[in-house]
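Beneath this line is the structure, given in structure tokens, with notes to follow.
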Amino acid sequence: MPDIASREGFSPFREYRTWYRVTGTLSSGRLPLVVAHGGPGCTHDYVDSFKGITEIDGRAVIHYDQLGNGNSTRLPEKGEDFWTVPLFLEELDCLLKHLGIQDRYAFLGQSWGGMLGAEHAVRRPGGLKALVIANSPANMKTWVAEANRLREELPAEVQATLLRHEQAGTITDPEYVAASRVFYDRHVCRVVPWPEEVARTFAIMDEDNTVYRNMNGPTEFHVIGTMKDWTIEDRLPSIAAPTLLISGRFDEATPEVVRPYVERVPGCRWVVFEQSSHMPHVEEKALCLTVISDFLKEHD
């Protein structure tokens with residue numbers, strides 16, 4: 001496999017900095033692909049495998065750490081009023097302009113990144129030529145309802161442990177963390193042990209969970225942050241870019257969670273990965289990257 005050049009840099013954003021990495025060359029002639037990580041509050045590490053698309057078709061793949069996360073400016077002192085959808089939309093616009101690709105690009109958002117991608121796409125930016133929504137909810141209330149339905153399928157003792165610590169307010173207790181991991185191993189990433197890049201994202205979040213705590217809450221099924229009432233369902237018909245939706249058979253983003261994209265985004269194509277949960281790009285990497293590359297090649 002040939003070595004593919006990559007370069008890292010920082011895009012100025014307000015008085016802060018957004019870290020990014022470009023794998024491949026922006027002058028390849030193919031649509032450059034911008035990859036947005038989930039969370040809110042994860043890092044680029046766990047979606048690192050998408051850089052393999054460069055090896056498949058030669059297009060540039062751009063990863064970035066959203067503000068407050070990873071290699072970008074950390075702001076642990078900021079509270080709920082700061083961490084908003086408009087903030088991250090503005091950051092994305094700044095990055096596109098900094099890289100000079102605002103007139104022609106594709107966007108892939110995973111989980112929260114796909115929610116951000118949908119918010120970006122409903123504004124119909126002229127440069128967005130293709131959109132990939134990966135494992136993302138369209139309505140947080142549906143997301144929470146489905147997460148709790150999946151939680152009810154966990155072993156009774158695991159459910160009891162989760163509930164006991166939630167009621168006691170001891171959700172940092174190792175016993176609660178271990179019980180939560182049972183859910184994550186079923187519905188977030190089914191590769192055991194977790195690949196190093198996935199574990200790295202969660203380790204960084206343990207070190208600084210500012211964004212996740214403020215926007216989401218303590219866990220995937222205990223959403224009490226600013227995004228708890230978020231929905232984009234009624235705005236989805238405004239998306240004009242060709243759209244690919246992907247999800248996993250065991251995904252916490254269940255069919256009910258992703259259904260609005262299928263039904264309301266004009267011409268949306270949906271691919272389900274049968275051996276995956278929330279991270280097909282890790283769990284069925286080769287197939288996932290090929291499916292996305294083939295879709296993007298239709299719109300180069």
Side-chain angles (χ1 to χ4, degrees), residues 33-50 63-66 68-70 83 85 88-89 92 107-121 131-147 150 180 183-191 194-195 197-202 204-205 209 211-223 225-228 230-232 243-262 270-273 276-285 288 292:
L33 175 65
V34 178
V35 177
H37 63 70
C42 290
T43 68
H44 78 281
D45 300 84
Y46 83 97
V47 287
D48 187 66
S49 66
F50 285 117
H63 284 78
Y64 73 108
D65 282 335
Q66 295 158 31
N69 306 297
W83 304 107
V85 170
F88 291 108
L89 288 172
L92 174 58
F107 184 92
L108 183 154
Q110 201 280 331
S111 199
W112 144 254
M115 297 155 65
L116 180 65
E119 288 276 6
H120 180 68
L131 173 66
V132 182
I133 295 175
N135 324 92
S136 305
N139 184 318
M140 284 302 287
K141 290 186 175 176
T142 307
W143 171 264
V144 171
E146 285 293 278
L150 294 174
S180 298
F183 179 91
Y184 282 64
D185 284 345
R186 283 191 182 193
H187 301 298
V188 178
C189 182
R190 293 168 71 84
V191 178
W194 283 352
E197 69 272 19
V198 174
R200 192 161 62 239
T201 281
F202 282 94
I204 295 169
M205 289 178 73
N209 70 352
V211 181
Y212 187 77
R213 183 183 70 250
N214 281 290
M215 294 184 75
N216 185 86
T219 66
E220 296 296 90
F221 36 75
H222 199 48
V223 178
T226 56
M227 294 297 290
K228 67 181 184 297
W230 177 88
T231 179
I232 199 168
T243 302
L244 171 67
L245 171 74
I246 68 170
S247 63
R249 178 61 63 199
F250 305 98
D251 206 331
E252 59 179 337
T254 64
E256 192 61 30
V257 165
V258 301
R259 190 182 315 283
Y261 293 111
V262 182
W270 184 21
V271 176
V272 178
F273 291 88
S276 295
S277 59
H278 199 50
M279 299 188 188
H281 60 278
V282 172
E283 297 160 296
E284 293 179 78
K285 176 181 171 181
C288 181
I292 292 167

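Positions are given from 1, in the same order as the sequence printed here. Fair warning: this is a prediction, and the values are worked out from it, not measured in the lab.
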Which residues satisfy the side-chain contact (heavy atoms from CB on, under 4.5 Å) test with P260, sequence neighbours excluded? A138, E233, L236

Return the minimal non-hydrogen interatomic distance between R186 and S277, and the atom names on each side. O-CB, 3.6 Å

Who passes side-chain hydrogen bond (donor to acceptor under 3.5 Å, both in side chains) against T43, sequence neighbours left out? D45, T201

Tell me every residue that passes ring pair (Phe, Tyr, Trp, His ring centres under 6.0 Å) with F50, counting only those two or more places apart in sequence or in another chain. H281

Not counting sequence neighbours, which residues clear ring pair (Phe, Tyr, Trp, His ring centres under 6.0 Å) with W194? List them please. F202

Residue list, side-chain contact (heavy atoms from CB on, under 4.5 Å) with T254, at least two apart or on another chain: E146, R149, L150, E256, V257

Separation of D48 CG from R200 CZ (nearest 0.5 Å): 6.5 Å

Is Y46 reaching over with its side chain to a backbone N or O of G38, donor-acceptor style, under 3.5 angstrom? yes

Which residue in the set I133, V47, L116, I246 passes side chain to side chain contact (heavy atoms under 4.5 Å, CB included) when paired with Q110? V47

Hey, could you give me the CE/CE distance between M140 and M227, rounded to the nearest 0.5 Å? 6.5 Å

Closest non-hydrogen contact found for V282 with C189 is CG1-SG, 4.2 Å

Distance-only, no hydrogens or angles: does the H37 side chain make a donor-acceptor pair with backbone N or O of D65 under 3.5 Å? no

How many angstroms lie between CD in E119 and CD1 in I232, if you round to the nearest 0.5 Å? 4.0 Å

Heavy-atom closest pair, residues Y261 and S136: CE1-O, 3.2 Å

My understanding is that only residues two or more places apart in sequence, or in another chain, count here; which of them pass side-chain hydrogen bond (donor to acceptor under 3.5 Å, both in side chains) with H187? none

Separation of D251 CG from N135 CG (nearest 0.5 Å): 4.5 Å

Once ring pair (Phe, Tyr, Trp, His ring centres under 6.0 Å) is applied, do any residues pair with F88, and if so which ones, sequence neighbours excluded? W112

W143: what forms a side-chain hydrogen bond (donor to acceptor under 3.5 Å, both in side chains) with it, not counting sequence neighbours? none

Does H63 have any ring pair (Phe, Tyr, Trp, His ring centres under 6.0 Å) partners at least two apart in sequence or in another chain, and if so, which? none

How far apart are the C-alpha atoms of H120 and L92, what are their side-chain angles, what is the distance that settles it, and do they pass the side-chain contact (heavy atoms from CB on, under 4.5 Å) test? CA-CA 9 Å; H120 180 68; L92 174 58; 3.6 Å; yes

Output all residues satisfying side-chain contact (heavy atoms from CB on, under 4.5 Å) with V262, sequence neighbours left out; order by chain, then residue number. L245, W270

Hey, could you give me the CG/CE distance between N69 and M205, rounded to the nearest 0.5 Å? 8.0 Å

Considering residues at least two apart in sequence or located in another chain, which fulfil the side-chain contact (heavy atoms from CB on, under 4.5 Å) criterion with S276? F273, P280, E283, E284

Can you sort out the partners of N216 under side-chain hydrogen bond (donor to acceptor under 3.5 Å, both in side chains), two or more places apart, ordered by chain and number? Y212

Rounded to the nearest 0.5 Å, how far does CD of E197 lie from NE2 of H44? 10.0 Å

